[in-house]
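Atoms within a ligand are numbered from 1 in the order they appear, just like the ligands themselves.
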Amino acid sequence: MGITELTPDYRGLIDLKDRHVLVLGGGLGIGRQTCLAAANVGARVSVVDRDPERAAAVADEIDGLALTGDATDRADVERLVAEAVARFGPLHGLADIVGISDNGPLGEVTDELWQRGLDLNLRHVLLALQVGAKAMTEGGSMVFVGSVSGLRSAPHHAVYGAAKAGLVNLVSTASLELGPDIRVNVVAPGQTATPRVAERHPEPDYYDRAAGQVPLGRVGRTSDIASAILFFLTDLSAWITGQTLVVDGGAGRKFAYNL
Ligand SMILES: NC(=O)c1ccc[n+]([C@@H]2O[C@H](COP(=O)([O-])OP(=O)(O)OC[C@H]3O[C@@H](n4cnc5c(N)ncnc54)[C@H](O)[C@@H]3O)[C@@H](O)[C@H]2O)c1
């Protein structure tokens, strides 16, 4: 098979004009910023959140469609995607940002915490892959937000880390089954300043202390993560699937070494 050499117009490759992007967990933090980024380059955006006010506020900002539902519930995901397609047509992009870290010591992980961790960090990935793929009748790209916790280990991250590690493998497997028309990738953030983190760590010097561990000198902004998600949603990444991109300011490059 001959391969035609191409010198693209890169301005067009970062464009999502006339594309429909659905963002699960789009109401706050990284999800909200992903909605703004996709809209900024021309996408029609369906903003899904289980909190109706958050979804409506973001949709208002970008003239998008606000949808309320639970990404961990199969019937809800089917309804949400059907409503989005009815409004904006077939899906071309899907970003699944849903996830939460309920950290605690291994010995205190109850059956309930285990199940909740898997539901909120892994189950919706399967649902999004299955339901999203059916709605991508013109092909498309899906991006899932993992975490550095799914690639390396930290004390008290047992449930979250195991679920996010599962996410990486699930998406990798999906890449083998959904090609050639649908690409799937993972963005794995390091520590990022989101409203949820700020709520959990109100100490004024929290981010400064965290920044000391980061070669690029600061914790992540939600826009840092949204930029990586946007890369995977656009045709700039047309020949990339099944990958995990760590976005952590270089923090994970270090190993313990006693000089
Ligand atoms: N903030 C960090 O430092 C960090 C680091 C690594 C990974 N992550 C990952 O990034 C993602 C986003 O983090 P964030 O801090 O922006 O989250 P967040 O909690 O600020 O926002 C998540 C949004 O998703 C919505 N949501 C939660 N569960 C839902 C469900 N079942 N159905 C529909 N909507 C739901 C929430 O209402 C909220 O609006 C998560 O997957 C998280 O694990 C965050």
Side-chain angles (χ1 to χ4, degrees), residues 22-37 46-59 61 66-81 83-84 94-103 115-128 131 143-152 154 157 159-168 170-171 186-201 206-207 210-211 213-214 218-229 244-249 251-252:
L22 180 139
V23 181
L24 290 166
L28 201 69
I30 294 167
R32 171 177 171 272
Q33 205 61 240
T34 300
C35 292
L36 302 188
S46 294
V47 186
V48 176
D49 206 284
R50 66 178 172 192
D51 181 321
E53 286 175 16
R54 288 179 186 168
V58 175
E61 284 185 82
L67 295 167
T68 308
D70 181 354
T72 68
D73 182 279
R74 182 177 291 278
D76 259 17
V77 175
E78 283 171 351
R79 172 185 58 80
L80 292 161
V81 169
E83 285 177 17
L94 184 152
D96 182 357
I97 308 326
V98 172
I100 195 155
S101 54
D102 273 339
N103 300 326
Q115 194 54 53
R116 182 181 140 84
L118 290 190
D119 284 347
L120 282 174
N121 293 297
L122 189 53
R123 179 178 163 72
H124 56 87
V125 178
L126 175 70
L127 301 179
V131 180
V143 191
F144 295 86
V145 175
S147 170
V148 290
S149 298
L151 304 171
R152 304 181 66 146
H157 280 225
V159 184
Y160 182 64
K164 291 290 194 183
L167 178 155
V168 168
L170 183 53
V171 173
V186 175
V187 169
Q191 196 151 35
T192 307
T194 65
R196 184 159 54 82
V197 176
E199 199 179 278
R200 189 175 293 176
H201 296 284
Y206 179 73
Y207 285 134
Q213 304 297 316
V214 183
R218 59 173 175 81
V219 299
R221 301 186 178 108
T222 53
S223 58
D224 293 318
I225 313 306
S227 299
I229 294 172
T244 296
L245 178 62
V246 174
V247 184
D248 69 346

Considering only heavy atoms of [X], which atoms of ligand 1 have at least one such atom less than 4.0 Å away?
X    : answer
G146 : 7 (C), 9 (C)
S147 : 6 (C), 7 (C)
T192 : 1 (N), 2 (C), 3 (O)
G29  : 16 (O)

Once rounded to the nearest 0.5 Å, what's the spacing between atom [atom1] of [X] and atom [atom2] of [Y]?
X    : Y    : atom1 : atom2 : answer
D96  : L22  : CG    : CG    : 9.5 Å
L127 : D73  : CG    : CG    : 8.0 Å
Y160 : L120 : OH    : CG    : 11.0 Å

Heavy atom of the protein closest to [atom] (residue, atom name, distance):
atom                    : result
atom 6 (C) of ligand 1  : P189 O, 3.3 Å
atom 22 (C) of ligand 1 : G25 O, 4.3 Å
atom 43 (O) of ligand 1 : Y160 OH, 2.6 Å
atom 32 (N) of ligand 1 : A71 N, 2.9 Å
atom 9 (C) of ligand 1  : V145 CG1, 3.6 Å
atom 20 (O) of ligand 1 : L28 CD2, 3.5 Å
atom 31 (N) of ligand 1 : D70 OD1, 2.9 Å
atom 16 (O) of ligand 1 : I30 N, 3.0 Å

Say whether [X] and ligand 1 are in contact under the criterion: heavy-atom distance to a ligand atom below 4.0 Å.
X    : value
A188 : no
H124 : no
G190 : yes
G69  : yes

Min N/O separation [X] to ligand 1 under 3.5 Å:
X    : result
R50  : yes
N121 : no
Q191 : no

What do we get for [X] next to ligand 1 when only non-hydrogen atoms under 4.0 Å count, side chain, backbone, both or neither?
X   : value
R54 : side chain
I97 : both
V98 : both

What are the two closest non-hydrogen atoms of [X] and [Y], and how far apart are they?
X    : Y    : value
I225 : P189 : CD1-CB, 3.6 Å
L67  : A84  : CD1-CB, 3.9 Å
E78  : V131 : CG-CG2, 3.8 Å

Do the non-hydrogen side-chain atoms of V77 and R74 ever get within less than 4.5 Å of each other?
no

Any donor and acceptor pair, going by atom type alone, linking the side chain of N121 with main-chain N or O of I100 inside 3.5 Å?
yes

Given 3.5 Å as the limit, does a donor-acceptor pair link the side chain of D76 with the main chain of G69, or not?
no

I'd like to know whether CZ of R152 has more than 12 heavy-atom contacts from other residues, nucleotides or ligands below 6.0 angstrom.
no

Around atom CZ of R221, are there more than 12 heavy atoms from other residues, nucleotides or ligands closer than 6.0 Å?
no

If a pair satisfies salt bridge (charged side-chain N to carboxylate O under 4.0 Å, His left out) and one of its residues is in residues 46-55, list it, with sequence neighbours excluded.
D51-R54

Is there a side-chain contact (heavy atoms from CB on, under 4.5 Å) between Y206 and V219? Walk through the geometry before answering.
CA-CA 10 Å; Y206 179 73; V219 299; over 6 Å; no

